[in-house]
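Protein chains get the first letters and strands the later ones, always in sequence-line order, with residue 1 at the start of each.
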2 protein chains.
Amino acid sequence: MSGVRAQQKEKTRRLLIDAALSQLSAERSFSSLSLREVAKEAGLAPTSFYRHFTDMDELGLTLVDEAGLTLRQLMRQARQRIAKGGSVIQISVETFMELIESNGNVFRLLLRERSGTSAAFRAAVIREIRYFTMELRDYLQQANDLDAEVAFMQANAAVTIVFSAGSDALDIDDKYERELLSKQTIQQLRFIARGAAELSARRKAARNAK
Amino acid sequence: MSGVRAQQKEKTRRLLIDAALSQLSAERSFSSLSLREVAKEAGLAPTSFYRHFTDMDELGLTLVDEAGLTLRQLMRQARQRIAKGGSVIQISVETFMELIESNGNVFRLLLRERSGTSAAFRAAVIREIRYFTMELRDYLQQANDLDAEVAFMQANAAVTIVFSAGSDALDIDDKYERELLSKQTIQQLRFIARGAAELSARRKAARNAK
DNA sequence: AAATACAGTGTACACATGTACGCTTAAATT
DNA sequence: AATTTAAGCGTACATGTGTACACTGTATTT
């Protein structure tokens with residue numbers, strides 16, 4: 001009942017997952033990975049792959065799930081830092097940029113599969129990003145006392161901007177340039193926050209005038 | 001000298017380009033296209049491909065160039081419409097959305113190869129988008145009398161938002177939902193414009209106070 | 001009119017891919 | 001202790017791939 005066997009199976013399953021993740025890079029997308037390559041990297045015979053996943057697609061969806069997990073950890077981390085005080089926007093961007101630096105491949109996976117070729121993948125990625133967006137919306141709505149729709153539009157725009165900046169950051173080696181990018185991103189988020197606050201206030205005034 | 005031969009060659013070259021373009025879809029990315037498939041679609045023997053391109057990569061870069069051309073046509077069209085009066089932001093978004101509807105595959109190519117696997121492709125796409133961004137920056141700077149850096153940040157954010165919305169639009173069939181997306185996008189662009197105008201004004205005030 | 005260049009063809013090859021199938025070996029169940 | 005289950009392996013095969021090479025026929029040049 002202890003499950004020596006199940007335990008071992010889980011272990012090689014992880015081997016496959018890690019093998020796939022480690023092969024991702026700027027030059028290598030998940031869809032360009034072959035079942036045989038992944039199996040080889042994991043130290044398995046090609047046919048052993050099937051004991052764990054029916055498909056490369058199934059492995060891919062598992063990776064997307066992992067990426068979503070990483071994203072949620074990021075949020076928690078950012079929230080902790082924010083609780084200690086400081087500019088919310090700045091802390092968020094900096095936390096995000098750290099994630100990119102340490103988990104570039106996971107992030108690349110999300111970015112690529114978002115506009116990728118498999119409907120299942122796209123749906124999975126979009127779900128993770130939407131979850132992220134909704135969390136941010138709730139936070140904004142509460143923290144800044146915003147109109148619900150306005151909060152959503154702000155959250156949506158902010159996530160778009162940050163993800164795009166993250167994508168750019170992946171291609172930048174120079175530390176100074178990266179910082180410049182961060183600063184610009186922060187400024188752009190402030191633009192959005194400013195516009196959103198104003199619209200929300202205007203809507204509220206209109207409601208009260210009734 | 002008339003070049004019956006060169007003319008014919010150009011013709012089949014186009015055949016290859018069009019074959020590749022027509023095979024792109026939501027389910028099919030350029031990188032998943034094989035040389036043989038493209039040649040077959042064009043009605044050529046596989047080896048004839050080499051008379052026109054050394055590589056699939058070379059064909060791909062040609063497609064990116066075409067996409068850039070389309071983008072520039074878009075800008076011209078938007079400018080013409082703007083000259084006739086109306087909200088600049090609204091007209092721009094609507095024009096862009098029309099492009100997406102009529103040239104979805106070309107646009108998909110840009111989106112995908114931007115975070116794609118080939119450095120050459122990425123560079124080419126980024127160049128096209130940067131050109132687009134710079135044009136917008138110049139326009140904003142002049143039309144709204146903005147600080148140069150602020151104009152750039154606004155242009156950059158706006159392009160990001162619009163491209164992201166375009167990517168979303170590709171997956172939406174429902175006409176009503178698409179309109180909703182357009183409206184949200186317009187609103188988001190206004191957020192950004194508002195924040196940018198404010199920062200620019202603040203910077204100018206600071207300069208004059210000296 | 002003769003010679004040349006060259007777009008397009010067909011054959012051929014080495015290679016990588018996914019996966020079907022039967023085997024081995026050790027854990028789990030009876 | 002005997003039986004069953006299942007993870008992992010090796011072999012094998014059909015299929016798709018890029019491309020080398022020798023060819024044909026015709027527009028172009030000489």
**Request:** Using a cut-off of 6.0 Å, state whether more than 12 heavy atoms not belonging to Arg72(B) lie near its atom CZ.
**Result:**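 Yes, CZ of Arg72(B) has more than 12 neighbouring heavy atoms, counting only those of other groups under 6.0 Å.
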**Asked** Taking only residues two or more places apart in sequence or in another chain, which ones pass side-chain contact (heavy atoms from CB on, under 4.5 Å) with Arg81(A)?
**Response**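 Here the qualifying residues are Gln77(A), Ile91(A), Thr95(A), Glu98(A).
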Give the rounded distance in Å between these two atoms: [atom1] of [X] and [atom2] of [N].
| X | N | atom1 | atom2 | answer |
| --- | --- | --- | --- | --- |
| His52(A) | dA7(D) | NE2 | P | 7 Å |
| Lys40(A) | dC15(C) | NZ | P | 14 Å |
| Leu59(B) | dT19(D) | CG | P | 13 Å |
| Gln7(B) | dG8(C) | CD | P | 13 Å |
| Asp55(B) | dA20(D) | CG | C1' | 16 Å |

Applying side chain to side chain donor-acceptor pair (under 3.5 Å), which residue pairs with at least one partner in [range] are found, sequence neighbours left out?
| range | answer |
| --- | --- |
| residues 137-157 of chain A | Asp145(A)-Lys204(A), Asp147(A)-Arg203(A), Asp147(A)-Arg207(A), Glu149(A)-Arg203(A) |
| residues 99-117 of chain B | Glu101(B)-Arg178(B) |
| residues 45-56 of chain B | Thr12(B)-His52(B), Thr54(B)-Glu58(B) |

**Message:** Applying side chain to side chain donor-acceptor pair (under 3.5 Å), can you list everything that pairs with Glu66(A), at least two apart in sequence or on another chain?
**Reply:**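 Applying side chain to side chain donor-acceptor pair (under 3.5 Å) to Glu66(A) gives Arg14(A).
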**Prompt:** Looking at residues at least two apart in the chain, or sitting in another chain, which of them share a side chain to side chain donor-acceptor pair (under 3.5 Å) with Gln187(A)?
**Reply:**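 None.
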**Message:** With the threshold set at under 4.0 Å for non-hydrogen atoms, list the residues of residues 8-24 of chain B touching DNA chain C in residue-number order.
**Reply:**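 Lys9(B), Thr12(B), in order of number.
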**Pairing residues for Phe49(B) by the ring-ring contact (aromatic ring centres under 6.0 Å, His included) criterion, not counting sequence neighbours** =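 Applying ring-ring contact (aromatic ring centres under 6.0 Å, His included) to Phe49(B) gives Phe53(B).
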**Prompt:** Is the Phe132(B) ring parallel, tilted or perpendicular to the Phe96(B) ring (thresholds 30°, 60°)?
**Reply:**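 Judged by the thresholds at 30° and 60°, the geometry between Phe132(B) and Phe96(B) is tilted.
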**Asked** So, does the side chain of Thr47(B) form a donor-acceptor pair with the base of dG8(C) at under 3.5 Å?
**Response**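 Result: no qualifying N/O pair found.
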**Request:** Report, as a single string ordered 5' to 3', how protein heavy atoms within less than 4.0 Å touch nucleotides 13-18 of chain D: B base, S sugar-phosphate only, - not at all.
**Result:** ----BB
**Prompt:** After noting the C-alpha distance and the side-chain angles of Gln184(A) and Gln188(A), does the key distance pass the side chain to side chain donor-acceptor pair (under 3.5 Å) rule?
**Reply:** CA-CA 6 Å; Gln184(A) 283 181 349; Gln188(A) 289 170 334; 5.7 Å; no
**Request:** Kindly give the heavy-atom pair with the smallest separation between Gly104(A) and Leu170(A), and that separation in Å.
**Result:** CA-CD2, 3.8 Å
**Asked** Heavy-atom distance under 4.5 Å between the side chains of Leu71(B) and Tyr131(B), does that happen here?
**Response**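 They are not in contact (no side-chain heavy atoms under 4.5 Å apart), so the answer is no.
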Produce the list of close N/O pairs, under 3.5 Å, pairing protein atoms with atoms of nucleotides 23-27 of chain C; give distances to one decimal.
from, atom 1, to, atom 2, distance (Å)
dA27(C), N3, Arg5(A), NH1, 2.9

Donor-acceptor contacts, no H, no angles, side chain residues 27-37 of chain A, under 3.5 Å, sequence neighbours left out:
from, atom 1, to, atom 2, distance (Å)
Glu27(A), OE1, Ser25(A), OG, 3.3
Arg28(A), NH1, Ser32(A), O, 2.8
Arg28(A), NH1, Ser32(A), OG, 2.6
Arg28(A), NH2, Glu37(A), OE1, 2.9
Arg28(A), NH2, Glu37(A), OE2, 2.4
Ser29(A), OG, Ser31(A), OG, 3.1
Ser29(A), OG, Ser32(A), N, 3.4
Ser32(A), OG, Ser29(A), N, 3.4
Ser32(A), OG, Ser29(A), O, 2.8
Ser34(A), OG, Glu37(A), N, 3.1
Ser34(A), OG, Glu37(A), OE1, 3.3
Glu37(A), OE1, Ser34(A), N, 2.9

**Item:** Estimated bend of the helix from dA1(C)-dT30(D) to dT30(C)-dA1(D) (axis per five terminal pairs, rounded to 10 degrees)
**Value:**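 End axes: 10° apart.
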